[in-house]
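The block underneath contains the structure these notes are about, expressed in structure tokens.
Values in this document were obtained by computation on a predicted structure and should not be read as measured data.
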Amino acid sequence: MALLDTRHKKKSFSLTVFLLSALVLLLFYIGLTYMDPPIENGITVNFGSMEFGSGREQPQELLRPKQEETPQPVETEKTAAEPEEVDETPEDTSPDKEAENLLTQEREEAIRIQKENEAKRKAEEAARKLKEEAERAERERQAAIERARQEEEAKKRKLDALMGGINNADGTAQGNEGDDALPGDKGQPDGDPYANSYYGSPGSGSGTGGYGLKGRSLASRGKEEQNCNEEGRVVVRIVVDQNGRVIEATPGVKGTTNNHPCLLDPARKTAFLHRWNPDSKAPAQQIGFVVVNFKLGE
């Protein structure tokens with residue numbers, strides 16, 4: 001054998017076998033002993049099947065608590081509406097549950113009151129805005145009316161200044177004008193203050209035909225001949241200064257029957273030929289009119 005080729009190896013092998021044999025024999029005699037079955041240790045517990053019991057006889061089978069028979073609900077005929085479900089869970093009447101229910105009710109009541117207050121506040125805010133808008137619209141309307149009134153008064157004052165202050169008369173002025181024997185100012189209140197006739201309109205004869213300037217008498221006049229063969233009446237609006245001179249003439253105003261250019265220009269020149277008596281008390285610019293009648297061949 002190649003492993004035991006020397007004397008020392010043989011000696012070592014023999015010694016090892018001897019020691020192992022002695023150890024095995026020793027274990028058979030001095031080894032640990034045990035009981036079969038082993039001794040039970042601990043506390044014996046009786047596992048029952050219920051939370052209560054009495055007596056000394058252990059049942060061989062598991063016992064179940066008896067359940068109380070609940071009466072079966074009597075089926076009734078179903079109506080068109082589905083019956084309301086009834087919660088059969090027993091109501092908890094403990095103090096904690098009552099406190100919780102009370103707190104929940106108070107919270108719901110607080111939320112409801114808060115919502116009502118919020119809705120009331122929004123309604124009041126909307127009403128206030130509508131009121132402010134209505135007041136603003138009313139102020140704007142009143143301001144517009146006041147502006148229109150002031151503009152109208154300004155126009156009247158300007159017209160009164162041009163017309164000699166007829167609209168500013170206070171009823172204390174003196175004087176008489178008319179073709180009757182009785183004293184007074186003959187005419188119509190809504191008529192033309194510059195008309196030279198008391199009723200109707202100027203005639204259609206030849207010549208200048210008519211003129212008017214409140215409170216002023218005519219000093220001289222003339223006429224410019226036409227350069228065409230037209231006929232008709234041309235009314236010229238004139239502006240006269242305090243010296244009685246015509247400083248502005250606009251032909252073809254209301255009352256004109258022929259607006260042909262060959263009549264408008266001579267009518268304007270005819271108006272400039274008119275001259276009124278000077279009046280230092282007259283307005284700086286007084287409005288009047290001159291009526292020029294043209295006939296065929298003239």
- Message: Under the criterion salt bridge (charged side-chain N to carboxylate O under 4.0 Å, His left out), I'd like the reasoning laid out for R121 against E118: C-alpha separation, chi angles, the key distance, then a yes or no.
- Response: CA-CA 5 Å; R121 185 187 64 81; E118 183 69 16; 2.6 Å; yes

- Item | Cluster link L25 to L27, ILVMFWY, side chain under 4.5 Å | no

- Query: Are any non-hydrogen side-chain atoms of R136 and E133 less than 4.5 angstrom apart?
  - Reply: yes

- Query: Quick one: do E152 and K155 make a salt bridge, cutoff under 4.0 Å?
  - Reply: no

- Message: Strictly distance-based, threshold 3.5 Å: is any side-chain N or O of Q226 a donor or acceptor partner for the main-chain N or O of K295?
- Response: yes

- Query: Using 4.0 Å as the upper bound for N to carboxylate O, is an ion pair formed by E138 and R141?
  - Reply: yes

- Side-chain donor-acceptor contact under 3.5 Å, E146 with Q142: no

- E109 meets the side chain to side chain contact (heavy atoms under 4.5 Å, CB included) criterion, sequence neighbours left out, with R112, I113

- Can you name the closest pair of heavy atoms from N258 and E231 and give their distance? ND2-O, 2.7 Å

- Message: Could you check whether any side-chain heavy atom of I111 comes within less than 4.5 Å of a side-chain heavy atom of E108, counting everything from C-beta outward?
- Response: no

- R275 CZ to R216 CZ distance, which is reported to the nearest 0.5 Å: 10.0 Å

- Message: Let me confirm one number: the NZ-OG distance from K9 to S14, rounded to the nearest 0.5 Å.
- Response: 14.0 Å

- Task: Can you see which heavy atom on T250 is nearest to which on V253, and at what distance?
- Result: O-CG1, 3.6 Å

- Determine, for E132 against R128, whether the closest basic-nitrogen to carboxylate-oxygen distance falls under 4.0 angstrom. yes

- Message: Let me confirm one number: the CG-CG distance from L218 to N277, rounded to the nearest 0.5 Å.
- Response: 8.0 Å

- Message: Could you report the tightest heavy-atom contact between T270 and H274, atom names first, then the distance?
- Response: O-ND1, 2.9 Å

- Quick one: CG on L23 to CZ on F28, what's the gap to the nearest 0.5 Å? 11.0 Å

- Q114 and N117: side chain to side chain contact (heavy atoms under 4.5 Å, CB included), yes or no, with the steps? CA-CA 5 Å; Q114 183 179 2; N117 293 337; 5.6 Å; no

- Task: Report yes or no: does T257 contribute a side-chain atom to a donor-acceptor pair with the main-chain N or O of R233 at less than 3.5 Å?
- Result: yes

- Message: Tell me the closest heavy-atom pair linking V239 and Q285, and the distance in Å.
- Response: CG1-CB, 3.7 Å

- Message: Please find the pair of heavy atoms, one from R245 and one from D241, that lie closest to each other, and give the distance.
- Response: N-OD1, 2.9 Å

- Message: Do K120 and E116 have side chains that approach each other closer than 4.5 Å (heavy atoms only, starting at C-beta)?
- Response: no

- Nearest-0.5 Å distance that lies between atom CD in E125 and atom CG in L130: 10.5 Å

- Query: Side-chain heavy atoms under 4.5 angstrom apart, residues restricted to Ile, Leu, Val, Met, Phe, Trp, Tyr: same cluster for V17 and L15?
  - Reply: no

- Task: Identify the heavy atoms of A267 and V234 that sit nearest to each other, and give their distance.
- Result: CB-CG1, 3.6 Å

- Message: What I'd like to find out is whether the side chain of W276 reaches to under 4.5 Å of the side chain of V246, using heavy atoms alone.
- Response: yes

- Close side-chain approach of R237 to E248, heavy-atom, < 4.5 Å: yes

- Between CD1 on residue I238 and CG on residue L213, distance to nearest 0.5 Å: 6.0 Å

- Query: With a 4.0 Å cut-off, would you call R149 and E153 a salt bridge?
  - Reply: yes

